[in-house]
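Written below as structure tokens is the structure these notes are about.
Chain letters run A, B, ... following the sequence lines, proteins first, then strands; residues in each count from 1.
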Amino acid sequence: DAGVTQSPTHLIKTRGQHVTLRCSPISGHKSVSWYQQVLGQGPQFIFQYYEKEERGRGNFPDRFSARQFPNYSSELNVNALLLGDSALYLCASSQPDRVYGYTFGSGTRLTVV
Amino acid sequence: EDKVVQSPLSLVVHEGDTVTLNCSYEVTNFRSLLWYKQEKKAPTFLFMLTSSGIEKKSGRLSSILDKKELFSILNITATQTGDSAVYLCAFTSGTYKYIFGTGTRLKVLA
């Protein structure tokens, strides 16, 4: 079975631009979460979606938005990029009971120049 | 504010050594504590602990949770170079998010 897949793997953008990151969860997983991991820090929660509805949002500005599609894949959008948005963006999926914790994808490395 | 503190921040040992990684937390509504191993990009799940005093074990790795003293430890015995990674501790306080510590960077020398 395929794990959580994210695309692209690497991305370089200029300040002020917009970026869209994509995530496909493990088959059968209906919950998708997004995390931002800045170098040297632990992942920070951005969003969780379950059954296409936003279940929770972390302490991130409105420039960050996300959505989940009927096939449970998800997009994370970031507008008006800042240098500080440079990070590894991780997507995770889970079963509703989350007994075994999230399964993370390999992430998208975003560099803003 | 909920927070997780991991110690030490980094650790260098030799193959065969035993290491203990620490995770303390302050949360308003604790549900579970998790350990992940992050080698390059994707954190991989190690353990989830919800009950105090119960040890979870997988091969050379084991973990225990103390809900009274609000900490958890991760032990790795007979370390190998493949154990070199960042070990992340996280807790869940609600139904939807994990709060991670900054991690402990472990390097195992041959």
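For A/Arg57, the CZ atom counts as densely surrounded, since its 6.0 Å shell holds more than 12 non-hydrogen atoms of other residues, nucleotides or ligands. In the displayed structure, B/Arg60 atom CZ is contacted under 6.0 Å by more than 12 heavy atoms of other residues, nucleotides or ligands. Around NZ of B/Lys57, the count of heavy atoms belonging to other residues, nucleotides or ligands within 6.0 Å exceeds 12. Residue B/Lys107 places its NZ atom among 12 or fewer non-hydrogen atoms of other residues, nucleotides or ligands, all under 6.0 Å distant.
The hydrophobic clustering, which links ILVMFWY residues whose side-chain heavy atoms are closer than 4.5 Å, places B/Ile99 and B/Val27 together. B/Leu70 and B/Phe100 are members of different hydrophobic clusters when ILVMFWY side chains are connected at heavy-atom separations under 4.5 Å. Cluster membership for B/Leu65 and B/Leu21, using ILVMFWY side-chain heavy atoms within less than 4.5 angstrom, is shared. Residues B/Val13 and B/Trp35 are members of one and the same hydrophobic cluster, defined by side-chain heavy-atom contacts under 4.5 angstrom among Ile, Leu, Val, Met, Phe, Trp and Tyr. By the criterion of side-chain heavy atoms lying less than 4.5 angstrom apart, applied directly or through intervening Ile, Leu, Val, Met, Phe, Trp or Tyr residues, A/Ile26 is not grouped with A/Leu21; the two fall into different hydrophobic clusters.
Here the NZ-OG1 distance, from B/Lys41 to A/Thr108, works out to 7.5 Å after rounding to the nearest 0.5 Å. For the atom pair OH of A/Tyr102 and OG1 of B/Thr92, the computed distance is 8.5 Å after rounding to the nearest 0.5 Å. Taking CD from A/Gln44 and NZ from B/Lys97, the interatomic distance works out to 9.5 Å, rounded to the nearest 0.5 Å.
A/Gln37 touches chain B through its side chain: at least one heavy atom from C-beta onward sits under 4.5 Å away, while N, CA, C and O do not. Residue A/Phe47 does not touch chain B at all, counting heavy-atom pairs closer than 4.5 Å. Looking at B/Gln6, there are no atoms closer than 4.5 Å to chain A (heavy atoms on both sides), in backbone or side chain.
Residue with the most contacts toward chain B among A/Gly42, A/Gly40, A/Ser33: A/Gly42 (heavy-atom pairs, distance under 4.5 Å). Contact tally against chain B (heavy-atom pairs below 4.5 Å) for A/Gly56, A/Gly107, A/Ser106: the top residue is A/Ser106.
Minimum interatomic distance between A/Tyr35 and B/Tyr98 (heavy atoms only, all atoms of both residues): OH-N, 2.8 Å.
By a heavy-atom distance cut of under 4.5 Å, A/Leu88, A/Leu90 are the residues of residues 68-92 of chain A near chain B, going up by number.
The aromatic rings of B/Tyr36 and A/Phe104 stand perpendicular to each other, their planes meeting at an angle above 60°, with 30° marking the opposite boundary.
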